[in-house]
Participant: 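Pasting a structure below so you can have a look.
In listed order, ligands and their atoms are each counted from 1.
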Amino acid sequence: MTTNEFSSSNFIHNAIDEDLKNGKYADGIHTRFPPEPNGYLHIGHAKSICMNFGTAKKYNGLCNLRFDDTNPIKEDVEYINSIQADIKWLGFDWEDRMHYASDYFEQLYDYAVELIKLGKAFVCDLSADEIRAYRGTLTEPGKESPYRNRSVEENLDLFKRMREGEFENGAKVLRAKIDMASPNITMRDPVIYRISHTTHHRTGDKWCIYPMYDFAHPISDALEHITHSICTLEFEEHRPLYNWLLETLGFDENTRPRQMEFARLNLTNTIMSKRKLRQLVDGGYVDGWDDPRMPTISGLRRRGFTARSIRNFCDEIGVAKSNSIVDITMLEHCVREDLNETADRVMAVLKPLKVIIDNYPEGKTEYLLAQNRYNSDKTHYLPFGREIFIERDDFMEEAPKKFFRLKPGGEVRLKYAYIIKCESVIKNESGEIVELHCTYDPDSKQGGKTAGRKVKGTLHWVEKSTAVDAEVRLYDYLLTESSLNEGSDFIASLNPNSLQVLQNCKIEPWAAWAGPETKYQFLRQGYFCVDKTSQRNHPVFNRIVGLRDTWSKAAKK
Ligand code: ATP
Ligand code: MG
């Protein structure tokens, strides 16, 4: 994996190099991340954030955060706050350059007036349906609006009255006057202002007309002296309009922003649209935007993904010019790589089976030393005693030959401790195994006479009297299908087993009291993260990923 984040080249950086070589943008590179505050950010946005902030960093430039708050109906302050928190957590900083498209409403209005004066915009009374019908298709040119040839004076008057609130929602729009026969439908007299009598979270009731994204975005970019306006592929068709607006409004060709598109990130077994994610939240299918199954940044964070692993992932997948879908196991691979180096290793038994070591002195507790990580000399104490828990699955009464864990009469080593031998199995009335009786070899622990004795299996375990009961949440993918067809019902494809909650799991005491977001490797089990709902008397852990790396395996094939 590349460790020097953002340094890798791609077609966007090549284009920037070209611009710089041609003497453009002499004042430095300036990008922006422009979220619409209508939901929480997801991993796709992380890619865009890494791209924008990473590009600025690579060229010693700047990157702004700009909220594209031109659609007051769907926006909310909660989203504005969460977006800032997520970007900071990912490790990026817009410094003092946080802007809102709504900061420019007055200027945008003036630019619209300017267009009208240039004869390049007109007030249109067609309804939304009529506008659509007049627009034509890919194979047929559109039809000009009957209002297209209003005089400049009439347009100025009507636009002013639109602003003053004289007309109802939808009664009129302002449209750019470009070309109804253009092969690019975006250029067929696009709507640039609409009436919406809606209170805006920042401008209140000052406005009842709001600019369309396609109008607000290029001008906001230009006002902020953005040099490269990096966006996703669906905006490719809008680029001629972006350029038309800036050119018509007289922004200098050598300094005005250049729009460039890259492919959206899609991931297998999940969905990646704020609208759909909101449906999951509102429908109660998940436990909020930060549910650990969600591909949101806050969900990934709560699940235990590290910011570094997400940045590495975004770097690793690179930027492409065509849409594709990335295997989610690659994201898992990235977090595994990070946590392998940074997470302390502890013992936890998820499905406990009691083991009594009959020849171990009653009431005695030993404190063994356990190494925190393979790459660290740090150790912690691990209590050992007469009664311990092992994993239920690590014992089999009728074991096949190749089963190297515990079986009647068989021996295993307890990690960091002794070799034990299974002497007898105790069952309840219904035949269920309730405990095992074992004996231990007192000389088999580190430093003992038989420490070097080899047995095939090594098990994790937790001492009973000091074990802490914990809740462990095991997650599976949100969707059963790896990818969905456009328009198919994703709710029907939700994985009914995406969450499994285990109670009374046994955790070694050293790991039980850590605060939220602490990550551990539970030996032989995977990586786990303390959940935000965790409490001292009821620790809660989220499984981030298991240990088996299916991505590296597939990648090596
Ligand atoms: P969604 O459909 O999920 O709401 P969006 O594109 O409407 O996404 P915005 O808030 O408008 O979301 O996006 C902010 C920036 O993030 C835009 O520049 C957009 O292109 C980019 N972006 C959004 N989704 C992805 C994705 N899946 N991959 C890469 N970039 C993305
Ligand atoms: Mg959007």
Participant: Can you check whether Gly44 has an N/O within less than 3.5 Å of an N/O in ligand 1?
Facilitator: yes

Participant: Could you list the atoms of ligand 1 found under 4.0 angstrom from a heavy atom of Ser273?
Facilitator: 3 (O)

Participant: Can Asp287 and Arg302 be counted as an ion pair, charged N to O under 4.0 angstrom?
Facilitator: yes

Participant: Quick one: does His45 get an N or O within less than 3.5 Å of an N or O on ligand 1?
Facilitator: yes

Participant: Are any of the N/O atoms on Thr232, whether in the backbone or the side chain, positioned under 3.5 angstrom from an N/O atom of ligand 1?
Facilitator: yes

Participant: Is there a polar contact, in the sense of an N or O pair closer than 3.5 Å, between Phe235 and ligand 1?
Facilitator: no

Participant: Could you tell me which atoms of ligand 1, counted from 1 in the order shown, lie closer than 4.0 angstrom to a heavy atom of Ser48?
Facilitator: 15 (C), 16 (O), 18 (O), 21 (C), 30 (N)

Participant: I'd like to know if Arg264 pairs up with Glu234 as an ion pair, taking the criterion as any Lys NZ or Arg NE/NH1/NH2 lying under 4.0 Å from an Asp or Glu carboxylate oxygen.
Facilitator: yes

Participant: Answer yes if the ring centres of Phe215 and Tyr193 are under 6.0 angstrom apart, and no otherwise.
Facilitator: yes

Participant: Show me which atoms of ligand 1 lie under 4.0 Å from any heavy atom of Met272.
Facilitator: 3 (O), 27 (N)

Participant: Can you list the ligand 1 atoms lying under 4.0 Å from a non-hydrogen atom of Pro34?
Facilitator: 14 (C), 18 (O)

Participant: Regarding Asp103 and Arg202, does a basic nitrogen lie under 4.0 Å from an acidic carboxylate oxygen?
Facilitator: yes

Participant: Output the list of atoms in ligand 1 that are nearer than 4.0 Å to some heavy atom of His42, sorted by atom number.
Facilitator: 3 (O), 24 (N), 27 (N)

Participant: Within a distance under 4.0 Å of any heavy atom of Leu265, pick out the atoms of ligand 1 and give their elements.
Facilitator: 26 (C), 27 (N), 28 (N), 29 (C)

Participant: So that I can tick it off, tell me whether Glu341 and Arg308 are bridged by a salt bridge, with the cut-off set at under 4.0 angstrom between side-chain N and carboxylate O.
Facilitator: yes

Participant: Can you confirm if the aromatic rings of Phe528 and Phe541 lie within a centre distance of less than 6.0 Å?
Facilitator: no

Participant: Would you mind checking if Glu106 and Lys206 are paired as a salt bridge, meaning a charged N to carboxylate O distance below 4.0 Å?
Facilitator: yes

Participant: Met51: heavy atom below 4.0 Å from ligand 1, yes or no?
Facilitator: no

Participant: On a heavy-atom basis, I'd like to know which of Arg264, Arg66, Glu36 is closest to atom 5 (P) of ligand 1.
Facilitator: Arg264

Participant: Would the Phe159 and Tyr109 ring centres measure less than 6.0 Å apart?
Facilitator: yes

Participant: Students often mix this up, so state it plainly: with edges at 30° and 60°, are the rings of Trp207 and Phe105 parallel, tilted or perpendicular?
Facilitator: perpendicular

Participant: Specify side chain, backbone, both or neither for Arg275, according to which of its non-hydrogen atoms lie closer than 4.0 Å to ligand 1.
Facilitator: neither

